[in-house]
**Student:** 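Quick one: structure below, then a few questions.
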Amino acid sequence: AARVRGSAAGMEPPSDARLRNGWYEYHPTIAPTPELELTRSPYAADYELCVEGTCRTLGTLIPSDGGITRMYACADTNRLRLR
């Protein structure tokens, strides 16, 4: 699931999104991505990783050096790796 608050150029919610409590909620129709490249900076809020209803900032798992953190699923388990 995904949700977006407001909209801007390139961030319009899809036509099947529903507005709930100020957020457009929808289910993306894109294929799973094998790896995410997350640009992190001390000047912006960190990403949150939510697993089974528990959310933590990435900074509690791996420090940011202001560069790119790559996140991908481990090949042999259901765990995630951050590097």
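None of these values were measured; they are calculated from a predicted model. Sequence positions, counted from 1, serve as the residue numbers for this chain.
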**Student:** Can you give me the closest heavy-atom contact between Ser64 and Ser41, atom names plus distance?
**Tutor:** OG-N, 4.3 Å

**Student:** Which residues pass the side-chain contact (heavy atoms from CB on, under 4.5 Å) test with Arg20, sequence neighbours left out?
**Tutor:** Arg18, Glu25

**Student:** Going by salt bridge (charged side-chain N to carboxylate O under 4.0 Å, His left out), name the pairs with one or both residues in residues 38-64, residues two or more places apart or in two chains.
**Tutor:**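 Every pair satisfying salt bridge (charged side-chain N to carboxylate O under 4.0 Å, His left out) with a residue in residues 38-64: Arg40-Asp46.
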
**Student:** Taking only residues at least two apart or on different chains, which pairs with a member in residues 31-72 satisfy disulfide bond (SG atoms under 2.5 Å apart)?
**Tutor:**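 Qualifying pairs: Cys50-Cys55.
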
**Student:** Decide yes or no on side chain to side chain contact (heavy atoms under 4.5 Å, CB included) for Ile68 and Leu38, but give the supporting numbers first.
**Tutor:** CA-CA 5 Å; Ile68 294 174; Leu38 307 172; 5.9 Å; no

**Student:** Identify the two heavy atoms, one from Tyr72 and one from Pro34, that lie closest to each other, and give their separation to 0.1 Å.
**Tutor:**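 That closest heavy-atom pairing would be CB-O, 3.4 Å.
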
**Student:** Does anything in residues 13-46 form a disulfide bond (SG atoms under 2.5 Å apart)? List the pairs, not counting sequence neighbours.
**Tutor:** none

**Student:** Among residues at least two apart in sequence or on other chains, which ones pass side-chain contact (heavy atoms from CB on, under 4.5 Å) with Asp16?
**Tutor:**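 So Asp16 forms a side-chain contact (heavy atoms from CB on, under 4.5 Å) with Pro14, Tyr26.
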
**Student:** Within the side chain of Thr33, is there an N or O that forms a donor-acceptor pair under 3.5 Å with the backbone of Glu35?
**Tutor:**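 Not a single qualifying donor-acceptor pair exists.
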
